[in-house]
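First the structure, in the form of structure tokens, and then the observations on it.
Heavy-atom basis, side chains included; hydrogens, waters and symmetry copies ignored. In each ligand, atom 1 is the first atom listed, and ligand 1 is the first ligand listed.
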Amino acid sequence: MKLISVGLLLFVALFAHSAPIAHDEIVSKTAEGFRLLRLEDGAEPEWVTEDQKLELMKTGKHFFDVTEVWETKQSLPYAKAPAVTYPTPSHQSQVRPLISTLSVSNMQTNLNKLSSFNNRYYRASTGKDASQYILDTVSTIASGRSGVTVQPFTHSWTQFSIIAKIPGSKAQTPVTIIGAHMDSINLQNPTSGRAPGYDDDGTGTVNLIEIFRALMVGDFKPSTPVEFHWYSGEEAGLLGSQAIATQYKRNGVSVKAFMELDMSGYFKPGTEEVMALQADYIDSGLNTWLGKLIDEYSNIGWTMDIPCGYACSDHASWNEEGYPTSFPYEAVTGDDNPEVHSPDDNASVRGFSWSHSLEFAKVGLAFVYEMAI
Ligand SMILES: *[C@@H]1O[C@H](CO)[C@@H](O)[C@H](O)[C@H]1NC(C)=O
């Protein structure tokens with residue numbers, strides 16, 4: 001089966017390289033159920049069926065599914081944003097008290113609810129129910145806060161993404177963004193299989209909700225705007241984050257920094273607890289700054305991870321559009337949660353740790369505060 005898929009991919013690749021992809025071709029191929037995937041940095045995208053796409057996912061292959069953004073991307077030539085100088089962390093006396101209000105029990109309540117949906121697959125009705133739960137929860141937290149907005153970002157598929165915005169008191173730009181993906185997947189049976197997605201990416205999702213809550217209760221008023229993003233469809237080729245990042249690029253939105261939290265709740269028993277900073281498709285200046293933040297605000301240390309590779313999480317969608325990104329991960333690759341994408345990604349995994357996840361929430365809160373205050 002895999003060999004056949006690879007043969008077909010080579011076959012379609014020959015055609016894909018022969019001419020630019022026309023608008024009509026995108027419309028008709030999409031209507032026939034094909035998906036347009038970019039499998040390597042800079043490569044021409046290739047048409048595959050949904051079955052071929054799933055086979056690739058099962059082999060662990062990462063890719064951008066660019067079906068819905070390709071035409072926009074073609075009209076937006078890659079341009080790296082000007083290098084940003086990041087401020088020395090200097091608001092300890094404001095950040096530390098806010099950090100101390102972060103609650104594991106709130107995160108646990110939200111994650112128990114989110115993992116109780118059969119799955120959070122981006123095309124499943126339960127995936128939409130999960131996005132509605134996040135929208136309601138975050139909207140309630142934001143209610144009565146002047147200028148703060150919480151909006152669904154709808155897509156052509158069932159589950160929507162969500163954007164919460166805290167306005168800047170001095171300027172409407174540049175934006176600081178922290179993101180996580182709300183969807184989960186059972187790779188053996190995506191549409192109806194059980195996928196609690198407790199760690200992937202339930203932990204990042206509830207880290208963001210709790211950071212947002214702590215900042216709202218603490219009456220955080222940044223100088224420049226802050227946005228919290230919960231993405232749909234990360235597992236299916238970074239769909240939600242690409243839709244949003246390309247829209248921001250097209251609208252000329254300036255982004256100061258982007259940070260992804262995708263899995264924060266596990267470290268391998270017997271190993272030293274660290275944050276593993278992703279080493280590729282990130283901004284090295286921002287990574288250096290993130291290391292300083294971790295030194296300042298976390299009880300655990302950090303190390304550089306081995307390269308994650310092409311299209312490995314939502315930060316890659318922002319990096320593709322030239323924005324500065326960073327991504328602290330729960331453990332060095334190989335020592336990370338072994339149960340992802342299965343029915344067993346739940347709270348019982350040996351090595352799952354709320355105190356570990358809390359460290360990422362602390363760093364996420366400090367990231368937002370120090371960057372945008
Ligand atoms: C987690 O999954 C394992 C293996 O399927 C199961 O035995 C266990 O009861 C589950 N735990 C929770 C909290 O659902």
Side-chain angles (χ1 to χ4, degrees), residues 54-55 57-60 62 102-138 158-159 162 180-211 213 230-236 261-271 273-276 300 312-313 329-362 364:
L54 183 58
E55 285 304 313
M57 286 155 67
K58 285 182 183 169
T59 67
H62 289 136
L102 291 167
S103 154
V104 162
S105 121
N106 287 342
M107 294 197 282
Q108 208 163 3
T109 302
N110 284 324
L111 190 44
N112 286 346
K113 177 65 187 180
L114 285 170
S115 61
S116 73
F117 296 105
N118 180 48
N119 60 48
R120 302 190 299 276
Y121 190 54
Y122 76 114
R123 294 196 300 179
S125 62
T126 50
K128 183 169 190 180
D129 295 343
S131 49
Q132 189 65 47
Y133 173 77
I134 298 167
L135 181 66
D136 293 345
T137 303
V138 176
T158 313
Q159 182 183 60
I162 297 166
H181 73 88
M182 62 169 75
D183 63 312
S184 71
I185 192 168
N186 175 330
L187 268 185
Q188 300 313 310
N189 179 2
T191 42
S192 58
R194 175 84 179 111
Y198 206 79
D199 195 19
D200 186 10
D201 179 25
T203 46
T205 297
V206 302
N207 289 157
L208 260 62
I209 297 173
E210 184 56 11
I211 295 165
R213 190 201 61 78
W230 291 267
Y231 301 119
S232 169
E234 186 268 356
E235 301 288 6
L261 285 179
D262 184 357
M263 298 169 60
S264 66
Y266 173 95
F267 66 100
K268 189 176 182 175
T271 63
E273 203 176 343
V274 289
M275 293 191 185
I300 62 179
C312 98
S313 187
Y329 189 52
E330 63 184 9
V332 174
T333 300
D335 287 348
D336 48 351
N337 196 320
E339 303 295 353
V340 297
H341 308 155
S342 88
D344 302 335
D345 176 8
N346 67 21
S348 306
V349 173
R350 197 173 151 261
F352 187 87
S353 161
W354 273 114
S355 70
H356 190 62
S357 186
L358 178 62
E359 294 302 313
F360 289 78
K362 287 160 63 176

Would you check if the side chain of Gln159 reaches a backbone N or O of Ser131 as a donor-acceptor pair within less than 3.5 Å?
no
I want to check something: taking the side chain as every heavy atom from C-beta on, are Val104 and Gln108 in contact at a cut-off of under 4.5 Å?
yes
Using a strict cut-off of 4.0 Å, indicate which atoms of ligand 1 neighbour a heavy atom of Asp344.
2 (O), 4 (C), 5 (O)
Which residue owns the protein heavy atom closest to atom 8 (C) of ligand 1, what's the atom, and how far is it?
Asn346 ND2, 3.8 Å
Kindly say whether Val349 contributes a backbone atom to a donor-acceptor pair with the side chain of Glu339 at under 3.5 angstrom?
no
Quick one: look up the protein heavy atom nearest atom 9 (O) of ligand 1 and list residue, atom name and how far away it is.
Ser348 OG, 4.6 Å
Indicate, with yes or no, if the rings of His356 and Phe360 have centres closer together than 6.0 Å.
yes
Would you verify that at least one protein heavy atom lies under 4.0 Å from atom 5 (O) of ligand 1, or report that none does?
yes
Strictly less than 4.0 Å: does any protein heavy-atom distance to atom 14 (O) of ligand 1 fall in that range?
yes
With a 3.5 Å distance limit and no angle check, can you tell me whether Ser184 reaches the backbone of Arg120 through a side-chain donor-acceptor pair?
yes
